[in-house]
Structures are given as structure tokens and as C-alpha cells.
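Here is the structure we will look at.
Bear in mind the structure is a predicted one, so any value in this text is a computation, not a measurement.
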Number of protein chains: 2
Amino acid sequence: MKKVQKNNEADTVCAVDYAFQRIGGKHKGRVIYHLRGGVKRYGELRRSLTGITPKMLTQVLRELEQDELITRHVYLEVPPRVEYQLTDTGRELLPFIILLSEWGRKQMGMPSLYACQPELSSLVIETRE
Amino acid sequence: MKKVQKNNEADTVCAVDYAFQRIGGKHKGRVIYHLRGGVKRYGELRRSLTGITPKMLTQVLRELEQDELITRHVYLEVPPRVEYQLTDTGRELLPFIILLSEWGRKQMGMPSLYACQPELSSLVIETRE
DNA sequence: CTGTATCCTATGAGATACTG
DNA sequence: CAGTATCTCATAGGATACAG
């Protein structure tokens, strides 16, 4: 529902602003980060993203979907299964998210996760974050 | 004033979350981006960051200063002069902000600014953003 | 020139309960 | 399992005016 561009005046659009509107907010970055390894189900995400309420998770996923950063695939089964994964556009954000995460880890005095492993997508890391 | 860590429970801190808290918000990314070229004065920033109110600019600058991402240097002159610049920690965020900006430009259908120039810090780019 | 001081409002986001 | 539906609240952020 959020307008990507809501600068009211003839205000020049800034790329940094634009990008932050698409990945800003409290949870979007984390969702993208947690989808770095490939497909994940709703419940998996809910468990990974500690502290998120189902309402917020759904909302964030819908926004990311509308922005074409993730795809949503519904399987008509019982019990239902819904899978999310990054689009190509979304995947282009990964280096940035990972860089940010690395910076954050460093600032927090935590060890880097990737320093020695150039291949990221194949890693399955369960540090609960 | 903002607590860097305000997760109430024994909630595990996430590096991505942490980072977003430090550079999130509507203007922080832009401020960092605009300081990429070195020292800037308050008025310069105000003119660069179209649409920002003095209150918000001051607030953002103070938060970034507290977070040790920028420094503030006051010259006791008349008229007063105050200069801001990135700290080393802040500068470490530049690759990431620039990556984000490039992504945003691409998404917006704008040409890349940096594709052919590995040296960024020396560039003086006046695209008003 | 470099900010403060007020006032005000939209909305991001949490808590809780319920559903196909 | 994968979500909706309400209700509520704090606060990020804007407008405007003033100040050293």
C-alpha cells in the first residue's frame, strides 16, 4: 500500500532515499537476510525472526512481494504450504545486506561470519539470527 | 537519546537489526551519503538534503555524532561555522551506502554513477542528490 | 549561519484473539 | 499451517516561529 514515491513537491528523488523506502522499516532487512539461503516457508521465517508478530511478518512479506523483491508460492495442500524466496532484484540486495550485517557484527564485537568464505548462498548458518 | 539496544526480552540481538538502528530512519543514509566526499558545513548539508527541516537535520546529525559515525567541529567565529565529517567507522559504511544507492539508481532507471570509477572519495558529484 | 522551541499528526508497530 | 481482524499506543517526523 505504501507509495514508493510520495515526495509531494517537485522534490528530486534520491536513490538512497528510494532504496531505504524499499528496504527500510524494522523487519525488511532481516527478512531479506533470512531468505539469503533460498526458499523458506512462512513458519520458518516466523521462527527465525524472533520477536516478530504474525501480523507484521505478513505485512512485510506482502510489501516485499509488491516491490518485487520476493516471490510467494502457495501450494494448495492440506495443511497449507507457502514458500517465499528472493527475486533476482531482491538477490541483488544481498551483498549490501551482508555487508551491513558484517559491519554490525564488527561493531557489536562479534566475529565475522563470512570473512573466509566467499560462497554465501550455500551456507546454512544457524546462529538464530 | 535512542537506545541502541532496546530489545526488551532476552531477545537475541541481530546484526542486521543493529545496523539498521544505527543508519535507519528517514535521513541518516542520505546524510552519510552526502558526507562521502569529506567535510561539509551545516548549511551545505541543509541545501543538499532537499526537504529536510533544520530540526530534523540537527537531530540526525546529533544521533550520528553520538553513534560515532560523524564528528562535529565548531569554529568559534562570527558568523559561526560548524563542520561535519565521517569518522572511520562511518566511512566503513560508505561502500554499503553507495551499493545501495547504485541499486536504487538502477531500479529507478538511472545510470550508475560509479560503474567506471573505482575512486569514489575524490569525486565531487553534483546531481543535487 | 547554525541552530532551538513548540506544537501536531500520521503511521509504524505491538498485543491479543480469531479463522479457513 | 498460514494467516486476519481489531484495538491501541508511542514516536518519528513535519510545520512554523524564534534565537545567539
Side-chain angles (χ1 to χ4, degrees), chain A residues 1-4 6-9 11 14 17 20-31 34-35 39-67 70-85, chain B residues 1-4 6-9 11 14 17 20-31 34-35 39-67 70-85:
Chain A
M1 290 320 123
K2 177 188 295 178
K3 289 277 189 357
V4 165
K6 71 174 196 182
N7 300 347
N8 32 7
E9 305 266 339
D11 200 348
C14 164
D17 257 7
F20 265 103
Q21 281 177 21
R22 287 183 70 165
I23 62 151
K26 191 167 182 182
H27 308 288
K28 279 185 183 172
R30 267 161 93 210
V31 170
H34 279 272
L35 286 174
V39 173
K40 281 223 180 185
R41 300 180 57 166
Y42 183 88
E44 292 183 279
L45 286 172
R46 196 208 294 226
R47 262 169 274 123
S48 303
L49 301 164
T50 3
I52 199 171
T53 60
K55 175 195 148 190
M56 285 313 296
L57 180 54
T58 300
Q59 182 179 311
V60 165
L61 289 169
R62 290 298 191 284
E63 286 178 18
L64 290 172
E65 192 193 358
Q66 270 201 300
D67 267 357
I70 65 173
T71 56
R72 177 171 180 267
H73 196 316
V74 184
Y75 295 86
L76 296 178
E77 310 170 351
V78 178
R81 178 158 58 111
V82 181
E83 291 183 344
Y84 296 90
Q85 81 180 298
Chain B
M1 291 319 126
K2 175 188 295 179
K3 288 279 191 354
V4 165
K6 71 174 198 182
N7 300 346
N8 33 7
E9 304 268 338
D11 200 347
C14 165
D17 258 7
F20 264 103
Q21 281 176 20
R22 286 183 72 165
I23 62 149
K26 193 167 182 183
H27 308 287
K28 279 185 182 173
R30 267 161 94 209
V31 170
H34 279 272
L35 286 173
V39 173
K40 280 223 181 185
R41 299 180 57 168
Y42 182 87
E44 292 183 280
L45 287 171
R46 198 209 291 227
R47 261 169 275 124
S48 303
L49 301 163
T50 6
I52 198 170
T53 60
K55 175 195 149 192
M56 285 313 296
L57 180 53
T58 300
Q59 182 179 310
V60 165
L61 289 170
R62 290 298 191 286
E63 286 178 18
L64 290 173
E65 191 192 359
Q66 269 202 298
D67 267 357
I70 65 172
T71 57
R72 177 171 181 266
H73 196 317
V74 184
Y75 295 86
L76 296 178
E77 310 171 351
V78 178
R81 177 158 58 112
V82 181
E83 291 184 345
Y84 296 91
Q85 81 180 297

Practice item. Take A:Leu61 and B:Val60, find for each the nucleotide of DNA chain D with the closest heavy atom, and name the residue whose nucleotide sits nearer the 5' end. Key: A:Leu61
Under-4.0 Å side-chain N/O to phosphate OP1/OP2 contact, [X] with [N]:
X: B:Tyr84; N: C:dG3; result: yes
X: B:Arg62; N: C:dT2; result: no
X: B:Lys26; N: D:dG14; result: yes

Distance, rounded to the nearest Å, where [X] contributes [atom1] and [N] contributes [atom2]:
X: A:Leu57; N: C:dG14; atom1: CG; atom2: P; value: 11 Å
X: A:Tyr42; N: D:dG3; atom1: OH; atom2: C1'; value: 5 Å
X: A:Gln59; N: C:dT11; atom1: CD; atom2: P; value: 12 Å
X: B:Leu45; N: C:dC1; atom1: CG; atom2: P; value: 14 Å
X: B:Phe20; N: C:dG12; atom1: CZ; atom2: P; value: 16 Å
X: A:Glu44; N: D:dA2; atom1: CD; atom2: P; value: 8 Å
X: B:Glu65; N: C:dT2; atom1: CD; atom2: P; value: 15 Å
X: A:Lys28; N: C:dA13; atom1: NZ; atom2: C1'; value: 13 Å

Review point. A:Lys28 and A:Ile23: which non-hydrogen atoms are nearest, and at how many Å?
Key: CB-O, 3.6 Å
Practice item. Identify the heavy atoms of B:Arg30 and B:Thr50 that sit nearest to each other, and give their distance. Key: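 Scanning both residues completely, I find the closest heavy atoms to be NH2-O, 2.8 Å.
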Find out whether [X] and [Y] are in side-chain contact, i.e. whether some heavy atom of one side chain is under 4.5 Å from a heavy atom of the other.
X: A:Leu61; Y: A:Arg72; answer: no
X: A:Leu49; Y: A:His27; answer: no
X: A:Gln59; Y: A:Glu63; answer: yes

**Study point:** Separation between CD of B:Glu83 and OG1 of B:Thr71, rounded to the nearest 0.5 Å
**Key:**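 Rounded to the nearest 0.5 Å, the CD-OG1 separation comes out at 9.5 Å.
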Review point. When rounded to the nearest 0.5 angstrom, what is the spacing between CZ in B:Arg41 and OH in B:Tyr75?
Key: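 Here the interatomic distance stands at 9.5 Å.
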Looking only at side-chain atoms of [X], point me to the closest of [options].
X: B:Thr58; options: C:dT4, C:dA13, D:dC1; value: C:dT4
X: A:Pro54; options: C:dC1, D:dA15, C:dA17; value: C:dA17
X: A:Thr53; options: C:dG14, C:dT6, D:dG3; value: C:dG14

Review point. Taking NZ, NE, NH1 and NH2 as the nitrogens, is one of them in A:Glu44 or A:Lys40 under 4.0 Å from a carboxylate oxygen of the other?
Key: no
Check your understanding: For the helix from C:dC1-D:dG20 to C:dG20-D:dC1, how many degrees between its two end axes (five pairs per end), to the nearest 10°?
Key -> 60°
Check your understanding: Where along residues 72-83 of chain A does a heavy atom come under 4.0 Å from DNA chain D, residue by residue in number order?
Key ->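 Under 4.0 Å from DNA chain D: A:Arg72, A:Pro79, A:Pro80, A:Arg81, A:Val82.
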Check your understanding: Does A:Lys55 make a side-chain donor-acceptor contact with the base of D:dG3, cut-off 3.5 Å?
Key ->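 Check fails, no donor-acceptor contact within cut-off.
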Review point. Counting N and O atoms only, with roles assigned by atom type, does the side chain of B:Arg22 sit under 3.5 Å from a partner on the main chain of B:Asp67, one being a donor and the other an acceptor?
Key: yes
Check your understanding: Which part of the nucleic acid does A:Arg46 contact within heavy-atom distance under 4.0 Å: base, sugar-phosphate only, or nothing?
Key -> base
Practice item. Could you list the residues that satisfy side-chain contact (heavy atoms from CB on, under 4.5 Å) with A:Pro54, not counting sequence neighbours? Key: A:Tyr42, A:Arg46
